[in-house]
Amino acid sequence: MAEVLLEVRNVNKAFGGVVTAKEVNMKVEKGEIHGLIGPNGAGKTTLLNLISGIYDVDGGQIFFKGEDVTKLPPYTRSRMGIGRTFQSPRFSPRSSIRDNLLVGTDLDNKMGYLSSFFGKKGADFDKEFEELIKIAGFTFDWDERINSLPYGQQKLLEIIRAMLSHPTVMLVDEPCAGLNMEEQNRVKDLLNKGLEQGMGIVLIEHSMEMVMSVCHNISVLNFGEIIAEGTPAEIQSNQQVIEAYLGKDEDTLAGGAHVGN
Amino acid sequence: MLYLQMAITGISMGMLYALMAMGLTLIVKAVGVLNFAHGQLFMLGAYLTWMLTYSLNLPLWGVIVCGIIVFAICGAAYMFSVYWPLRNSSWKVTVTISTLGASIALKEFVQIVWGTIPLTMKPIVNGVFHFGTVYLNYQYIFIILIGGGLMALVYILFEKTFLGKVMQATAQDRYCAELIGIPTIVSIMATYMISMVLSGTGGWLAGPLFLVSSSLGSLAQKAFAGMVLGGFGDVKGAIVGCLLIGMIESFGLIITDAYKDAIVFAVLIIVLVVRPTGIFGEKISEKA
Amino acid sequence: MKKAISIILVCFMIFGLAACGNGGNEPAEQGTIKIAVIDAFTGDKAVNGQYSKEGIELALAEINEKGVLGRQVELIYEDGQGKETETTNAYQKVISEHELDAVILDKYSSDVLAVEQFVKENGLPTFCQGSSIKIEASDTSNLYSTRRSDAGAGGSVVAFIKEQGLKKVAILHSPDALGQSMGQVVVDGLTKAGIEVVSDQQFANEDQNFTNYIAKVLASGCDCFVAIAQTTHSAQIMIAAQEAGLSQGENAITCIGNSAFVQQSSIQNALEASNNWYACTAFSPTISMEPTASWIKKYNDTYGRLPDMTSACMYDSLKMLANAMETAGTTDPAKVNEALHAMTDYRGVVASYGYQGTPMLSKAEYVCHIEDQKSIVLQIVYAE
Amino acid sequence: MDKAKSFVQKNLGTIIGAVVLTLVFFIVPNKGVVNAYIMKVINLGLIYFVAVAGLCVILGMGGQPTFSTAGMMGLGAYSVALLTTLKGWAPIPALLVSVLWVTLFSVVMGLALFRLKGSYFSFASIGFTSLIFTVLTNWLSLTGGPDGIKNIPRLGIGNLVCQNYYDYFRVLFFIALACYLIVQRIRKSYLGRALGCVRDNEIAAQCMGINAYRTKVISFVIAGAFAAFAGGLYALHERYISPAPFQYDQSAIYLIMIMLGGVNSTGGALIGSLFMTWLPERIRFLAAYSRLIYGIGVIILMNVMPMGIMGLVDNFRYKMRKKMKKNQSAETPVKEAE
């Protein structure tokens, strides 16, 4: 059992009447990709927002490397090592690509504004960046405007930016949405590179093929409740999961094949 | 007795600010940006009605009918010159700046056309309403009546009628409104026209009281304050906010006269610091 | 490369600015006598620019009939918008682009004080219409004003109240230099004379509704109300006072205003609300004494409306300058200043002028009373 | 040899810039080329640039439109004027002390004002400027009220005093250059990038370790410091101040300056402030119509180039570079940009 990096202990969250998280428990260990799946509106992204601190929890606690971070604001949590990507890539269109990526390294260098103003250069990020870009397998022109890059490349860039800040836990929100097969494999390589660096990864993803092949274990969320947890094999055969996804009767997941593609 | 007089003046001035703030809130809801030339539109309304009554010497009902038409045309012209070319700019601040330019231009335009000497206008009913030593100019009663009527009309328009729904949809998300087939150019134009009619009527009502001059526009600052105090882009909030500002301005006189305006702004900033979205403004949490 | 282009562009911009705009300077002594006129021709105070231009054009026409020292006078107008920064810019522009013989400034004391440092440096005879005590206390020998200082005007208000035997006085004054300095003088004068000042209020520039101020004046139980303001607010104050039954009706009290209250633009806007007001003013459009009355008639015939005090002051400034140049026999600034200093009793349109050691030249003021929208002169108050 | 060539080739831009700047420095400020009036207008433009440089940080990078510039300038100008005239201080220490206390004051104001978002913040900053203007006009005993303060000493150290506008230009030239370099330095540093993130999406910025509230307050303090410095310079340059230039509508002019110049570039701010100081003087001959043309000009310029003059230049350069890319055949995977 490797070191537990992130632990969510019976967290509750509700917006007015809508319950988005009920008694959620989850653990992420070092070097593990923890899948988080569930039908649309199950509260997956809300859970990520709770972990990264954008929303405050109504009840329960969140531990990061054994420390209770429930009360901390998002920027302190990210400085401690919780990296994050978003469903739709969030870049600042008016800054250059270089500035958008540099912000990631600034976070890692723990630089203050003043020290950066007086020329304290953070670690040189070009070498590492080139390595990640080779994995992502696409080239781009530095003078390009970030919004003019194709959608797939922007998603990959966002993952790279999160990785540049060397987080201890990385929350990845639907990296493969809208990507072709070839780009999805790139995402797998990037995530594996992250594991090599000793990260714990929480992965929200809808394409089952990706989730089943990459995740070490998976939690299934439905209407804010964890209805199942375990290795990909266990999850595939779990009756409740099938019902949550496909409704009550006939198609069984047992065959496992036709659900995947 | 003094306090009763102050209360009445506070309410009547508050109503006038509310009338201006209504027009302002419509534009803020439709476009999402402060219209800094609103005071000048108010002043333009006063000058236009002066022109209708004295240069063309139309009877009262004639002034009202032509007034509304002229205001509507001015509203549309204002929109096409200041907002429409900038509607797709990625940055709202550009629209704010062009309204700043418009406010300078309008102030000078008025002085060139109608001269720099303030003009006088006769109120609808001359004379003053007395009870005890407290008095109220009839014109203020008209302001309260007509103002209230217009506010009710706008409320019904927005909440009950189909056109109101269309305008609200455009205001909330112009892009999606276009997707589902709303001609947003017509809807935003309608919003600007209604807003101009509101502030033009305000100008028409305030003209006789405060002389028709280029300094009429300075009333807008208090209307802004009232709208922000009540909650941004909220019609109900704007009215309550403006009445509050009118009362603060009136009763502020008891403490000090030189720093009266300073008190109005100080109260505004304190309220905003305590409740960052104004009294009625609801806290919209950004979706991640 | 990116940085280079922006720097080059910036420099061309500065060059572009510099290259244009250093006009040539004609030689002095021949050609026309050049007098600069700086006033507010645009912006919120443009109404003053209009009245002063009309007044000074009248004087120009009269002077140029026979010319000064055989030379024609040319006026160079610059717009100061009634604001200090724009006025100093206008002053600098006109000084460096023309060989001037004299300068005439506007009536806003803060503008005059802003350019005073340059006036002292270049020694040109400079007229203004400011009345602030700070101008009176200024040691610039070549600065003159066609007005009495606020202290003087305030003094005559106090004298009039003492003479009427009023006991409790309420004061309302504007937030600008005129309101604050004259207000202070009246309050000090009254307390020294043992008359009680029951309320001293200052309104705000953006104010349009004066009902509350008048209500406080009513509540103070005063038997005399003094109001000090510019023409932009004087009409509204008179209207509010009439509505409250302060100036007219059975329990009306004596209402005294400063010169703005009796000017044509305020009476024209206040209409019957102006009746029964008193005012201590240097000029009023209905004075029947010569040479003012015939000048007013001439102004009315030319422009179709009665003149404001600004037009009369501007008229007097130009006439006095021309007179001084004639007596000095030259347009050399030092000699013209000497002639102005030697001037003891010049009968102008507004008042009789004479140098009394301070820039303030005006020696007399009228106390007027408004009856059915006409201001009748009650008495003349001479500077002590 | 090629090492020197590559050195020249690499920062060709800075060399050209330096040469042009030295030329400007020596040619412009003497009687022949420019008369005193134009010199004064250029000096005012440079002083306003110092204030607008502050806007570069808070609006250009941080995306927060503020109307507090005029208020801060008023505080800076009056504290310098009072320290020099009443207390008899020398100009430089007075300037430093007033910039210091106004910076501390803007920390407090920033903390209060930035609890608000978007248009609420802009409107509260209008309130802030109006509050300061009312206090300056009415605190007769201290500020002399609307009559203002006269005889503020000339800028200078010991006996080295700026006698005329030409000397002022030489000093202001270096001050403007220093402000330009400081703002460019901020733009390239972590603060600049963080402000960019806060401007475009605060939520993402929070998740990347940027305390949005603290960053915005820092940008407000920087803007306050620049504005106070500009106010002090204005007082020492005009040598007479009154409350009038520190009103709300002057703040609007500063916003117009940065928006017209180019909100994303410091050079644009310089162009904007020079242009907007020079424009009213240039159309002075129109007399009554000048401010009408001024207002309409602002509307047209905002419609034609919403991102300002430098926005146009950047777009042009961006397209020009794209064309250059097209006809270049080979492309290295990642080309290190300047």
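Hydrogens, waters and symmetry mates play no part in the numbers below; they use all other heavy atoms, side chains included. Residue numbering restarts at 1 for every chain, and letters A, B, ... go by the order of the sequence lines.
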Heavy-atom distances under 4.5 Å only: say whether [X] touches chain B with side chain, backbone, both or neither.
{"X": "Ala46(C)", "answer": "both"}
{"X": "Asp207(C)", "answer": "side chain"}
{"X": "Ala240(C)", "answer": "backbone"}
{"X": "Tyr51(C)", "answer": "side chain"}

Rounded to the nearest 0.5 Å, how far apart are CG of Leu211(B) and CG of Asn269(C)?
-> 5.0 Å
Distance (rounded to the nearest 0.5 Å) between His233(C) NE2 and Ser213(B) OG | 8.5 Å
If you count the non-hydrogen atoms of other residues, nucleotides and ligands that lie under 6.0 Å from [atom1] in [X], is the total more than 12?
{"X": "Tyr3(B)", "atom1": "OH", "value": "no"}
{"X": "Phe210(B)", "atom1": "CZ", "value": "yes"}
{"X": "Lys122(B)", "atom1": "NZ", "value": "no"}

Check whether any side-chain heavy atom of [X] sits under 4.5 Å from a side-chain heavy atom of [Y], and report yes or no.
{"X": "Arg305(C)", "Y": "Ile117(B)", "answer": "yes"}
{"X": "Tyr213(C)", "Y": "Lys260(B)", "answer": "yes"}
{"X": "Pro118(B)", "Y": "Gln268(C)", "answer": "no"}
{"X": "Asn209(C)", "Y": "Leu209(B)", "answer": "no"}

Engaged part of [X] at the chain C interface, taking heavy atoms whose separation is under 4.5 Å:
{"X": "Gln5(B)", "result": "both"}
{"X": "Tyr140(B)", "result": "side chain"}
{"X": "Ser215(B)", "result": "both"}
{"X": "Ile254(B)", "result": "backbone"}

Taking atom types as modelled, is there a side-chain donor on Asn137(B) or Glu243(C) under 3.5 Å from an acceptor on the other?
-> yes
Asn212(C) versus Ser250(B), side-chain donor and acceptor atoms under 3.5 Å = yes
Test side chain to side chain contact (heavy atoms under 4.5 Å, CB included) on Thr211(C) and Met13(B) and set out the steps.
-> CA-CA 11 Å; Thr211(C) 336; Met13(B) 284 307 280; over 6 Å; no
May I ask you to decide if Leu253(B)'s main-chain N or O and Lys216(C)'s side chain share a donor-acceptor pair within less than 3.5 Å?
-> yes
